[in-house]
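Keep in mind that what you see is a predicted model, and the values were worked out from it rather than measured.
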Amino acid sequence: MLRGFKRQTMRCHCLLTNFLVTNSIFSHPTDRPPSTSFSSSGGKHLISGFWGGRLNSAILGVGFCWKSAQVRGMACKVASALESLNDPESVSYLNQKEAAEVDEILMGPLGFSVDQLMELAGLSVATSIAEVYTPNEYSRVLAICGPGNNGGDGLVAARHLYHFGYKPYVCYPKRTPKALYTGLVTQLESLSIPFLSVEDLPKDLSNDFDIIVDALFGFSFRGDPRPPFDDLIGRMVNLHSNDQTCQKSPVIVSVDIPSGWHVEEGDIRGEGIRPDMLVSLTAPKLCAKKFCGPHHFLGGRFVPPAIADKFKLHLPAYPGTSMCVRIGKPPSVDVSSLRENYISPEFLEDQVEADPIDQFHKWFNDAVAAGLREPNAMALSTASKDGKLSSRMVLLKGFDKEGFVWYTNYESRKAHEISENPHAALLFYWDGLNRQVRVEGPVQKVSDEESEKYFHSRPRGSQMGAIVSKQSTIVPGRHVLHQEYKELEAKFSDGSLIPKPKHWGGYRLKPVIIEFWQGQQSRLHDRLQYSLQEADGRPVWKIDRLAP
């Protein structure tokens with residue numbers, strides 16, 4: 001549960017960081033270019049508004065479900081998104097009549113069809129679940145679907161969850177004979193997703209499922225639930241009873257309205273479902289103000305300006321291409337409980353390359369193919385002559401049998417430390433692959449010719465930034481940097497060659513130790529270490545397995 005919050009916090013941090021980066025003359029501590037490309041030659045590798053009720057409706061949002069590829073260019077929306085995130089009262093709530101009227105407009109003058117809205121609603125529910133509950137720890141999902149459009153949202157969500165890596169099951173006791181719903185059932189059956197009858201379900205759902213998707217009734221439902229839905233709601237209520245203290249109960253995710261709640265007044269008798277997550281659709285209904293669970297999301301993104309104006313809806317902007325956004329403050333976090341049980345292929349001695357650079361090349365290509373953001377980002381650790389350590393993130397700009405290359409200011413703190421103690425360590429961390437690589441060895445400057453060639457391959461703005469920045473020194477204010485940069489822009493406005501400053505160039509770390517780490521379950525991680533040794537008067541790499 002907390003794992004998803006940690007990812008969201010990190011993504012928000014990335015968004016803020018990217019704002020500072022993309023709106024400055026520098027990018028990252030080592031002046032990163034705006035994008036990274038890769039090529040290999042001669043053995044060298046150069047790193048040059050959606051819906052629930054349908055009537056379920058269109059969703060609005062605040063903006064918190066960041067995706068790494070969506071972060072760039074969103075900086076102008078950070079302040080308003082965070083303001084809304086911390087103030088749930090700034091988001092509009094709809095009563096039952098308003099929610100129905102919004103759907104009528106969407107389905108009438110605006111030309112939306114039920115299946116369009118249902119598809120987007122179900123996708124929104126699935127992405128909200130994936131933001132918080134990872135399939136590594138919450139794989140078994142039971143979608144309990146009602147006969148109406150809310151149930152259709154659950155069927156669509158089950159399909160998307162399957163493709164996200166979960167193991168969904170569906171309980172759909174009263175099937176709707178309309179073609180739309182029979183088509184959704186056919187799609188699930190084609191994926192071999194099991195359909196369970198009410199009789200097939202255990203009375204106690206605690207042992208067989210990790211997530212229960214409550215997709216029984218939407219905002220258009222009135223009255224008391226009838227059989228068999230009253231029994232299904234009762235089973236979900238029992239999941240959070242006092243008798244469930246000895247084991248982890250499945251989490252409950254309610255779609256738009258917790259089933260059995262009054263649309264406007266909430267859980268009137270105080271005996272209803274207590275969901276862990278509520279995914280509101282279009283806008284949260286008034287009952288959502290009574291929701292006390294840790295995770296409240298809005299799904300999708302659709303509300304057009306005409307509807308927003310008519311109903312005076314406050315609709316904060318969605319970031320990037322996100323399909324869901326968190327409402328209100330994230331839950332408090334017990335840092336000691338944050339952990340992930342890694343699931344990865346085994347990393348065995350008989351599978352690795354004899355040379356660690358070849359093995360690094362394979363893993364680096366995997367990171368690029370996986371679409372990880374800046375796979376060449378690495379932590380560089382240096383030490384002064386008296387042993388004081390410092391670390392920072394830099395970008396790998398080339399690697400071959402001779403070592404790993406990066407570029408920086410020769411008058412920076414790291415450069416001074418390298419001059420005093422010409423040894424360093426690098427760390428690559430590829431979260432999406434559960435991998436890291438540690439590299440240790442002596443460091444020396446690359447040739448002036450090599451630095452000159454790379455300097456002039458950079459964007460002209462980055463070249464001027466390297467001249468302006470006296471890295472690690474104290475400056476009176478940002479205005480000083482901007483002024484010097486503008487002067488350089490004017491000086492080289494004719495497109496003439498910008499000379500490389502003498503205080504700027506590259507370093508190469510020649511590895512003597514390289515460790516490849518692959519995360520595994522129960523903390524029994526794979527760690528294979530290459531160490532450079534001498535045999536018969538020539539250097540050879542020795543491979544050892546280290547205890548995790």
Item checked: Cation-aromatic face contact Lys285/Tyr93, 6.0 Å, 45 degrees ->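 No, a cation-pi geometry is absent between Lys285 and Tyr93.
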Checklist line | Within 45° cone and under 6.0 Å: Arg435 NZ/CZ vs Tyr342 ring | finding: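 No; the conditions do not both hold, so Arg435 does not lie above the ring face of Tyr342.
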Next item on the list: Name the orientation class of the two ring planes belonging to Phe347 and Trp363 (parallel below 30°, tilted from 30 to 60°, perpendicular beyond 60°).
Entry: tilted
Check: Using 30° and 60° as the class limits, which term best fits the ring planes of Phe195 and Tyr172: parallel, tilted or perpendicular?
Finding: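 Aromatic pair Phe195/Tyr172 classed tilted.
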Would you say [X] has more than 12 foreign heavy atoms packed within less than 6.0 Å of its [atom1]?
X	atom1	answer
Glu346	CD	no
Phe164	CZ	yes
Arg269	CZ	no

Next item on the list: Could you please spell out the steps behind the side chain to side chain donor-acceptor pair (under 3.5 Å) verdict for Tyr169 and Asp200?
Entry: CA-CA 11 Å; Tyr169 300 79; Asp200 292 332; over 6 Å; no
Note to self: So, taking the atom named CG in Leu161 and the one named NZ in Lys167, what distance separates them when rounded to the nearest 0.5 Å?
What the structure shows: 14.0 Å
Next item on the list: Show your working on ring pair (Phe, Tyr, Trp, His ring centres under 6.0 Å) between Phe217 and Phe229 and close with a plain yes or no.
Entry: CA-CA 9 Å; Phe217 303 123; Phe229 303 112; 5.4 Å; yes
Note to self: Salt bridge check, Asp115 against Lys178: does any charged N sit closer than 4.0 Å to a carboxylate O?
What the structure shows: no
Margin query: Go through it in stages, so that I can follow the logic: the residues are Thr134 and Asn136, the test is side chain to side chain donor-acceptor pair (under 3.5 Å), and I'd like the CA-CA distance, side-chain angles, deciding distance and then a yes or no.
Written below: CA-CA 5 Å; Thr134 66; Asn136 288 351; 5.1 Å; no
Margin query: Any side-chain to backbone donor/acceptor pair from Asp210 onto Pro250? Under 3.5 Å, distance only.
Written below: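 Not at all, since once roles are kept as given, no pair shorter than 3.5 Å links the two residues.
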